[in-house]
Amino acid sequence: MPTQISVRGVTKARGERLLLDGVSLTVRPGERIGIVGENGAGKSTLLNLLAGRARPDRGEVTTVAEGGAGFLAQTPHLPSDHCVGDAIDHALSELRAMERRLRDLASALDGASDTTLSEYGDLLTAYELRGGYEADARVDKAMHGLGLAHVDRARRLGSLSGGEQARLGLACLIAAAPEVMFLDEPTNHLDEGALDWLEAALLAHRGTVVAVSHDRIFLERVATAILEVDEARRAVVRYGDGYQGLLAERAAARKRWEQAYAQWCEETRRLEEFTLTTAHAVAGGRGMKDNNKMAYDRAGGRVQASVAGRVRNAQERLRRLHDDPVPKPPEPLRFTARPLAGDAGAAGGAGAAGAAEAAGTARAAGAADTAGTAGTAGTAGTAGTSEDEGGGRGGGAVEGDLVTLRDVRVGDRLHVPDLTVASGHRLLIHGGNGAGKSTLLRIMAGVLEPDEGTVVRRGRIGYLAQEIPVRRPTERVLATFGKGLPLTEGEQAELLLSYGLFHPRDLHVPVGSLSAGQRRRLALARLLARPADLLLLDEPANHLALSLVEELEEALERWTGALVVVSHDRLLRRRFTGRIRRMESGRLPT
């Protein structure tokens, strides 16, 4: 029987939170499926359901794979007292069992029955199809490709780092070559060379691959179809043609939305004009013939009745249109740079959203308004969910140097002899975990004070932290968004909704009940609403749906102020216009 993976009417909740509601889908044999969605939407839950590691609350999941199925968790749980060789043997346990059975059958082939001969032949065929003879060689190749060639098989698992354990689990799974591979964020902890090797290995796999991933280049290269877990609808949407198919369908859906909105506006305008003007022009200017007033009045009455009926129909149609409006598509995301001194007008939020905030009247989320050295200018906060906003300095954009670091040290995590970011500069920083990237941004924002050295800041800084704290969990979304904005509550709601990041029903939800992706969107909205001279963004693509990441990249491309981005996202780095620097061991090359 070939591979079968199907989901029928599945509902699944995590605690009191409903993740999937009546989901149905099919994965065809040989497909390479990418599962995407915001953090907390239910991607890993769906993967566990498909792999048979979790059961639905309602509905049915069928997964059949005669050639075996393997699962790679996002965080592997390996017994610390075992050794690397034990982990490899466990991963290859099916093949090892087949080997043992083949040896037993081979020793009894002389004079064996037809049943035994048949079993041996079938088992040998299955073993060869699974590449059993090359399994150990595949392990060595996988460990080399994933940067584990230096790891001895006698080494204790507890001595490996979390990244090394994850890569070992991935190497074992690929070496085992099961018919179906279920992978949860397999690109985590991999450098460029390991990513290339993994993508080539999965492309060469003859079976089915189902992988949760936020890595767009991985999805672009590997996935033949995309399953998007829609958090708002608790549904799963399938897109053919891989990641490019998702982008194309998103663009087409946006165009259909714009057309539907334009049609709704035109129909509403036409009906309003008809109902306002037609009734006043009934039979106007028609002269009486033969002085026959009775006939004249009778004919006029018929006309009046006919027109009145059409007016009533138009009014009813207009009422239905107003009861079920097509919402206006959100404007493209747009960060607001402070205008040059002397420029008139208000600093808006996103495009034509029409924000009434004047430039400089409210401190940006995480703003460091006070120029000076670190320790005296540390007024920056997280662009997060509950940071108080005070009044900021008025005036236009600051030109020249915005942040200057001299001989800055933070323990053994960071050493920056000299770094300056001036107005209009664009810098992207990447590097491995623990390289000091987030520490550098926290120093630049004024959230963290250095142990040594000086930091000088000028202008207004918008800072998006990698992790968004929740300091006031009972505070409502709209209240958190609007802190410090010189707008009425209605204007704040209009501005927030104009970004397309939240639905009206979300505005009064407590911040503490938001998912990581929703908290990220709220932090992003706060940055969009507050003019800045410099944006500091730490892993801006984290926890966001891929369509929103694409919009965010376009907004950053249009941004005219200074920008420093920390990101491991390969596609963001490929598209970035500006300087790109790799940080290692707390040092940033000039």
Colleague: What are the two closest heavy atoms between R457 and I443, and how far apart are they?
Modeller: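 Residues R457 and I443, closest heavy atoms: NH2-O, 2.8 Å.
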Colleague: Are side-chain heavy atoms of I429 and V565 found at a separation under 4.5 Å?
Modeller: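 Contact flag for I429/V565 side chains = no.
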Colleague: Considering non-hydrogen atoms only, spot the tightest contact between R579 and R581 and give its length.
Modeller: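 So the two residues come closest at CD-NH2, 3.6 Å.
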Colleague: Roughly how far apart are L170 CG and L148 CG, rounded to 0.5 Å?
Modeller: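 The CG atom of L148 is 9.5 Å from CG of L170, to the nearest 0.5 Å.
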Colleague: Carefully, step by step, assess H189 and R167 under the rule side-chain hydrogen bond (donor to acceptor under 3.5 Å, both in side chains).
Modeller: CA-CA 7 Å; H189 310 292; R167 282 180 281 151; over 6 Å; no
Colleague: Which value, rounded to the nearest 0.5 Å, describes the distance between L414 atom CG and T439 atom OG1?
Modeller: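 Atom-to-atom, L414:CG and T439:OG1 are 6.0 Å apart.
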Colleague: I need the I226 CD1 to Q244 CD distance, nearest 0.5 Å.
Modeller: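 Answer for the CD1-CD pair, I226 versus Q244, is 10.0 Å.
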Colleague: May I have the step-by-step check of side-chain contact (heavy atoms from CB on, under 4.5 Å) for L419 and V408, ending in yes or no?
Modeller: CA-CA 9 Å; L419 175 64; V408 166; over 6 Å; no
Colleague: Where the side chain of K43 meets the backbone of G37, is there a donor-acceptor pair that is under 3.5 Å apart?
Modeller: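 Flag set: sc K43 to bb G37 pair under 3.5 Å.
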Colleague: Under the rule for side-chain contact (heavy atoms from CB on, under 4.5 Å), what residues qualify as partners of R238, not counting sequence neighbours?
Modeller: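 For R238, the residues satisfying side-chain contact (heavy atoms from CB on, under 4.5 Å) (neighbours in sequence not counted) are R28, E31, I33, A225, L227.
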Colleague: Nearest 0.5 Å, what's the CD-CZ distance between E551 and R254?
Modeller: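 Rounded to the nearest 0.5 Å, the CD-CZ separation comes to 7.5 Å.
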Colleague: Find the distance between NE2 (H214) and CG (L219) and round it off to the nearest 0.5 Å.
Modeller: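 So the gap between those two atoms works out to 9.5 Å.
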Colleague: Is a donor on one side and an acceptor on the other found under 3.5 Å between the side chain of T404 and the backbone of V456?
Modeller: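 No: the side chain of T404 does not pair with the backbone of V456.
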Colleague: What's the shortest heavy-atom distance between A422 and A562, and which atoms?
Modeller: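 Nearest pair, atom of A422 first, then A562: O-CB, 3.5 Å.
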Colleague: Mind checking whether R521 and V477 have side chains closer than 4.5 Å, heavy atoms only?
Modeller: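 Not in contact.
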Colleague: Start with the C-alpha distance between E331 and S498, add both sets of side-chain angles, then the distance that settles side-chain hydrogen bond (donor to acceptor under 3.5 Å, both in side chains), and finish with yes or no.
Modeller: CA-CA 7 Å; E331 296 288 336; S498 74; over 6 Å; no
Colleague: Are S213 and E185 close enough that some pair of their side-chain heavy atoms sits under 4.5 Å apart?
Modeller: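 Sidechains of E185 and S213: in contact.
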Colleague: Taking R426 for its side chain and L556 for its backbone only, find out whether a donor-acceptor pair lies under 3.5 Å.
Modeller: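 The answer is yes, because a donor-acceptor pair under 3.5 Å joins these two groups.
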Colleague: Of the non-hydrogen atoms in A555 and L333, which two are nearest, and what is the gap between them?
Modeller: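 Minimum heavy-atom separation between A555 and L333: CB-O, 3.3 Å.
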Colleague: How long is the gap from CD on E220 to CD1 on I217, to the nearest 0.5 Å?
Modeller: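 So the CD of E220 and the CD1 of I217 are separated by 6.5 Å.
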Colleague: Could you note down all residue pairs passing side chain to side chain donor-acceptor pair (under 3.5 Å) where residues 194-203 supplies at least one of them, sequence neighbours left out?
Modeller: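 Qualifying pairs, neighbours excluded: D196-R221, E199-R221, E199-R570.
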Colleague: Please report the C-alpha distance between R530 and R526 in whole Å, then the side-chain angles of each, then the deciding distance to 0.1 Å, and finally whether the side-chain contact (heavy atoms from CB on, under 4.5 Å) criterion is met.
Modeller: CA-CA 7 Å; R530 293 159 172 83; R526 287 166 58 82; 3.6 Å; yes
Colleague: Between R233 and E228, does any side-chain N to carboxylate O distance fall below 4.0 Å?
Modeller: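 No salt bridge links R233 with E228.
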Colleague: Is L534 close to L563 at the side-chain level, that is, under 4.5 Å between some pair of heavy atoms?
Modeller: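 No; the side chains remain at least 4.5 Å from each other.
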Colleague: Donor-acceptor pair, distance only, cut-off 3.5 Å: does the side chain of D451 make one with the backbone of G411?
Modeller: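 Yes, the answer is positive, given that a donor and an acceptor are paired below the 3.5 Å cut-off.
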Colleague: Any side-chain heavy atom of L552 within less than 4.5 Å of one from F335?
Modeller: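 With C-beta onward as the side chain, the pair touches.
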Colleague: Starting from the C-alpha separation in whole Å, work towards a yes-or-no answer on side-chain hydrogen bond (donor to acceptor under 3.5 Å, both in side chains) for S423 and E399.
Modeller: CA-CA 5 Å; S423 56; E399 295 186 343; over 6 Å; no
Colleague: Between R155 (side chain) and S159 (backbone), is there a donor-acceptor pair under 3.5 Å?
Modeller: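 A pair under 3.5 Å: yes.
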Colleague: Sequence neighbours excluded and cut-off under 3.5 Å, please list the side-chain donor-acceptor pairs for residues 536-548, or say none.
Modeller:
from : atom 1 : to   : atom 2 : distance (Å)
D538 : OD1    : S438 : OG     : 3.4
D538 : OD1    : Q466 : NE2    : 3.4
D538 : OD2    : S438 : OG     : 2.6
E539 : OE1    : H568 : N      : 3.2
E539 : OE1    : H568 : ND1    : 2.9
E539 : OE2    : H568 : N      : 3.4
E539 : OE2    : H568 : ND1    : 3.1
H543 : ND1    : N39  : ND2    : 3.4

Colleague: For a 4.5 angstrom cut-off between non-hydrogen side-chain atoms, does L528 reach R334?
Modeller: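 No, every pair of side-chain atoms sits at 4.5 Å or beyond.
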Colleague: Side-chain contact test, heavy atoms from C-beta onward, threshold under 4.5 Å: evaluate it for I174 versus L198 and give yes or no.
Modeller: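 In contact.
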Colleague: Indicate the atoms forming the closest heavy-atom contact of S161 with E164, along with that distance.
Modeller: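 Where S161 meets E164 most closely, the heavy atoms are N-OE1, 2.9 Å.
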Colleague: side-chain contact (heavy atoms from CB on, under 4.5 Å), that's the test. Do L183 and L202 meet it? Break it down for me.
Modeller: CA-CA 11 Å; L183 312 173; L202 294 180; 4.0 Å; yes
Colleague: Which pairs of donor and acceptor atoms, one on a side chain in residues 504-513, lie under 3.5 Å apart (sequence neighbours left out)?
Modeller:
from : atom 1 : to   : atom 2 : distance (Å)
D506 : OD2    : H503 : N      : 2.9
S513 : OG     : P510 : O      : 2.8

Colleague: Regarding R17 and E231, does a basic nitrogen lie under 4.0 Å from an acidic carboxylate oxygen?
Modeller: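 Looking at R17 and E231, the cut-off is met.
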Colleague: Taking E249 for its side chain and L246 for its backbone only, find out whether a donor-acceptor pair lies under 3.5 Å.
Modeller: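 Judged by distance alone, no pair lies under 3.5 Å.
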Colleague: What I'd like to find out is whether the side chain of V236 reaches to under 4.5 Å of the side chain of D230, using heavy atoms alone.
Modeller: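 In short, these two side chains do not touch, never coming nearer than 4.5 Å.
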Colleague: In chain order, what residues pass the side-chain contact (heavy atoms from CB on, under 4.5 Å) check against D191, with sequence neighbours excluded?
Modeller: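 D191: side-chain contact (heavy atoms from CB on, under 4.5 Å) contacts with A194.
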Colleague: Dump the intermediate steps for side-chain contact (heavy atoms from CB on, under 4.5 Å) on E550 and L571, then the final yes or no.
Modeller: CA-CA 10 Å; E550 294 280 342; L571 193 53; 4.2 Å; yes
Colleague: When you measure from the centre of the six-membered ring of Y243, is the NZ or CZ of R216 closer than 6.0 Å and no more than 45° off the axis?
Modeller: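 Not flagged: R216 not positioned over aromatic ring of Y243.
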Colleague: Is the shortest side-chain N to carboxylate O distance from R575 to E554 below 4.0 Å?
Modeller: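 Between E554 and R575 there is no salt bridge, as every charged N stays at least 4.0 Å from the carboxylate O atoms.
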Colleague: A525: which residues meet the side-chain contact (heavy atoms from CB on, under 4.5 Å) condition with it, sequence neighbours left out?
Modeller: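 So A525 forms a side-chain contact (heavy atoms from CB on, under 4.5 Å) with F481, L496, Y499, L501.
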Colleague: Begin from the C-alpha positions of R520 and E467 and carry the test salt bridge (Lys or Arg N to Asp or Glu O under 4.0 Å) through to its verdict.
Modeller: CA-CA 8 Å; R520 197 77 170 167; E467 299 298 331; over 6 Å; no
Colleague: With the threshold set at 4.0 Å, does a side-chain nitrogen-carboxylate oxygen contact exist between R256 and E258?
Modeller: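 No salt bridge links R256 with E258.
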Colleague: What are the two closest heavy atoms between V447 and Y463, and how far apart are they?
Modeller: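 Scanning both residues completely, I find the closest heavy atoms to be CG2-CE2, 3.6 Å.
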